[in-house]
2 protein chains.
Amino acid sequence: MTAEPAPATGAISRPTLADVAARAGVSASTASIAFSGSGPVSDATKERVLAAAAELGYGGPDPRARSLRQGRSGIVGVVLEERVRAAFLDPVKIQTLDGLTEGIAPLGAGLLLLTDSGDGGGPVSIDNAPVDAVVLIGCSPKFWRQIEALQRRGIPTVAIEGAPGGDIPEMTIDNREATRRGAEHLRDLGHTDVATVTLPLDPDRTRGPLTPELEAACTVDTTIERLRGARDVYPGLRAQVAAASSIEEGREAGLSLLADAATRPTAIIAQSDLLAAGVIQAAEELGIDVPAELSVIGFDGIRVDGLQHDLTTLVQPSVAKGRAAGEAIVQMLAGGSPKSVRYTSTLHVGDTTAPPRAR
Amino acid sequence: MTAEPAPATGAISRPTLADVAARAGVSASTASIAFSGSGPVSDATKERVLAAAAELGYGGPDPRARSLRQGRSGIVGVVLEERVRAAFLDPVKIQTLDGLTEGIAPLGAGLLLLTDSGDGGGPVSIDNAPVDAVVLIGCSPKFWRQIEALQRRGIPTVAIEGAPGGDIPEMTIDNREATRRGAEHLRDLGHTDVATVTLPLDPDRTRGPLTPELEAACTVDTTIERLRGARDVYPGLRAQVAAASSIEEGREAGLSLLADAATRPTAIIAQSDLLAAGVIQAAEELGIDVPAELSVIGFDGIRVDGLQHDLTTLVQPSVAKGRAAGEAIVQMLAGGSPKSVRYTSTLHVGDTTAPPRAR
DNA sequence: CAGTCGGGTCGAATCGATTCGACGTACAAT
DNA sequence: ATTGTACGTCGAATCGATTCGACCCGACTG
């Protein structure tokens, strides 16, 4: 080619597929096929195209253009409704995410983290991101507007623990029934004086004793359902609200519940294993023996790194929920209409619950 | 136009901006402006466009087309070289990620998780994702090919702990010097018999005593640098390799180092705080008092949820590194050329180190 | 030897929106 | 009354690649 475009002007604009094609003396169509491998190309041509690309410093087809033409981006959005740090400190969410990656593995897609932080502010928000599908993890209904937009755009959406409404498939467990089963276990052991440590009730993450006002303003389904489950057995039980699912928060809540030896409960239902671990720690600090003097029951069934007890807990299939959500996404992208699945949790009886000591 | 395309055939294809514009009786350009707000539009027109959109069930502009035209996607890629679960269980990575989100906040961008798993398999791999920039976190040089492609495409790239080479800005700490300082602290206390528990040496995450073969095949810079730092003071120290940075792994490594009372070291340098916490746990199980009988030093300066000791450790600014990487990205997108930054870690002396007990 | 099959290549349309320059029109300033 | 200006709107080009139908020609079949 004598008619070189004279790139001496500098790398002002990066080469495009068309440039490469011209350099190789083929059409853009052929060059495209040479790169993507979809369609027949002679080896000679392919080599020539690749060589031209190398000479021009071409870095491969632009993903943006590709995704526009193909109509999909290969990206699955994950909505977390928390800042990144908070979400990633919760082992249950991690497990769920891990299951999700398994579930969508056949897609070979990437995971785009979306939080409510930059809601509408930046160029990428929930309803405004180049995603092929969206998974909502533990989301309150406050996103209905964006979710509606997703629906209109025909983007498959699945929810995990958090009912967005509409005909969105949900992967859930029966939090109330599960907690009730845990409470029944305590009742069967003979406990009558039971308290609970709950997860946050609202996005503000207020900490402290549960008040009717707080409860009325609760936006977190999971928390309220587990609370109801406990009340099904112990209607008037004391409740302490933690600001997050962590050992430290559990410890603080535990300390306030156990501080007064006179009013101390004989068992505590924690709404997560981390909280339970914190409660146990608080008990140990106060010289209260678990389970002889205090029974503790958790929720989740995660392995708490560093906890030496075999926690009595309600084992929920976090990974399975994530995987199911991923598989549902795959189905929906293939035109299917997966159903919601309600998983069951199983009570694992460890060594942190025992009959109350006779007083 | 009397020749309407008669969309009575059904909602086979979703409406586009052009459809909305036609319905509202304006041009596509005007409709675009009405949506994006960039440019002057009369309120009447804007309302008409929005109304038309509502009637047609239009969900807003297609992000794919937008990103093609605008040349940016509003997405920052994060390369982790681990499966999701492993990465998210490491508090240091979480902190770094958190700092990163802070740093790129002005961009309002989303975070796209990229791991080596679907490498080239799926539609989205490192060099083939619609990202505006990429952050490599603790990556080995095995991605040089993809990174080169990124460079060619002119995508800003920043590395955190992991030297990809080239002129990519790096946010690092001097792992060797830091560890050496920790070792010197032990030496100053009088310790002569010291062992170390290292992070994984390779992607296979082999566990066990460190062998010359393993060491020769090491691909993880951080591990090897911290090992060197320890050897600068204690050239022949015993080393046990953990398969991950976790309390449990630290505990196992600790048990094997401390099992034999005769050959037991008086101090252990752990390459992470989680490992240190595990070592302390192992010591407690064996009835070895920390710090009276065993000094333990960690690395990272994270708060280990559930650890009651004030760990002596090398506090590194994980969040700052992440934030700096984010800010570097912002600069690069603005045309700047940020420099690499080498952070310094500080030795925090807690209550887990003390002079060795006289034998 | 004619007809057909199919591998390899090309041209042109397409994906859906954004953006730039141009064109009126209405209103204010001179 | 006229020139200037600012605003609102439109048309057309553009972003960069993929894909579909058409086409050419060598090879194989009847």
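Throughout, protein chains are lettered first and strands after them, A, B, ... in sequence-line order, and every chain is numbered starting at 1. The model shown is predicted, which means the values in this text are computed figures rather than measured ones.
- More than 12 heavy atoms of other residues, nucleotides or ligands sit less than 6.0 Å from atom CZ of B/Arg342.
- For the 3.5 Å distance criterion, the side chains of B/Thr219 and B/Asp202 fail to qualify, holding no donor opposite an acceptor.
- Between A/Lys93 and A/Asp98 there is no salt bridge, since no side-chain N of the basic residue sits under 4.0 Å from a carboxylate O of the acidic one.
- Taking 3.5 Å as the limit, the base of C/dT18 and the side chain of B/Arg66 contain no donor-acceptor pair of atoms between them.
- Whole-Å rounding puts the B/Asp132 CG to D/dC15 C1' distance at 14 Å.
- In this structure, the CZ atom of A/Arg64 is 14 Å from the P atom of D/dT18, given to the nearest Å.
- The distance between atom CG of A/Leu17 and atom P of D/dC15, rounded to the nearest whole Å, is 14 Å.
- In this structure, of C/dC15, D/dC10, C/dG11, it is C/dG11 that holds the atom nearest to the side chain of A/Ser27.
- Here the nucleotide nearest the side chain of A/Pro40, chosen from C/dG11, C/dG7, D/dC7, is C/dG7.
- Separating the CG atom of A/Asp19 from the P atom of D/dC15 is a distance of 11 Å, rounded to the nearest angstrom.
- Rounded to whole angstrom, the span from the CD1 atom of A/Ile33 across to the C1' atom of C/dA12 amounts to 14 Å.
- Among the candidates A/Asp132, A/Ile147, A/Val131, A/Leu333, the single residue satisfying the side chain to side chain contact (heavy atoms under 4.5 Å, CB included) test with A/Ile155 is A/Val131.
- Comparing D/dG11, D/dG16, C/dT9 by their nearest atom to the side chain of A/Thr45 picks out C/dT9.
- The CG-C1' distance, from B/Leu68 to C/dT19, rounds to 13 Å in whole Å.
- Ranking C/dG11, D/dT18, D/dC10 by closeness to the A/Ser29 side chain, first place goes to C/dG11.
- The shortest distance between the side-chain N/O atoms of B/Ser32 and the OP1/OP2 oxygens of C/dT18 is below 4.0 Å.
- Rounding to whole angstrom units, NZ of residue A/Lys46 and P of C/dT9 are separated by 12 Å.
- Nearest to the side chain of A/Ala65, among C/dG16, C/dT18, D/dA17, sits D/dA17.
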Between A/Ser32 and A/Ser29, is the side chain to side chain donor-acceptor pair (under 3.5 Å) condition met? List the steps.
CA-CA 5 Å; A/Ser32 171; A/Ser29 349; over 6 Å; no
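- Taking the side chain of A/Ser42 as heavy atoms from C-beta on, and the options C/dG8, C/dA17, C/dC10, the nearest nucleotide is C/dG8.
- Comparing atom distances between the B/Tyr58 side chain and each of C/dA17, C/dT9, D/dT18 picks out C/dA17 as nearest.
- Listed nucleotides D/dT18, C/dC10, D/dC15 differ in distance to B/Arg69; the shortest reach to its side chain belongs to D/dC15.
- Atom CG in A/Leu56 sits roughly 14 Å away from atom P in D/dG16 (whole-Å rounding).
- As judged by a 4.0 angstrom heavy-atom cut-off over every strand, A/Thr16 is placed among residues touching the sugar-phosphate backbone only.
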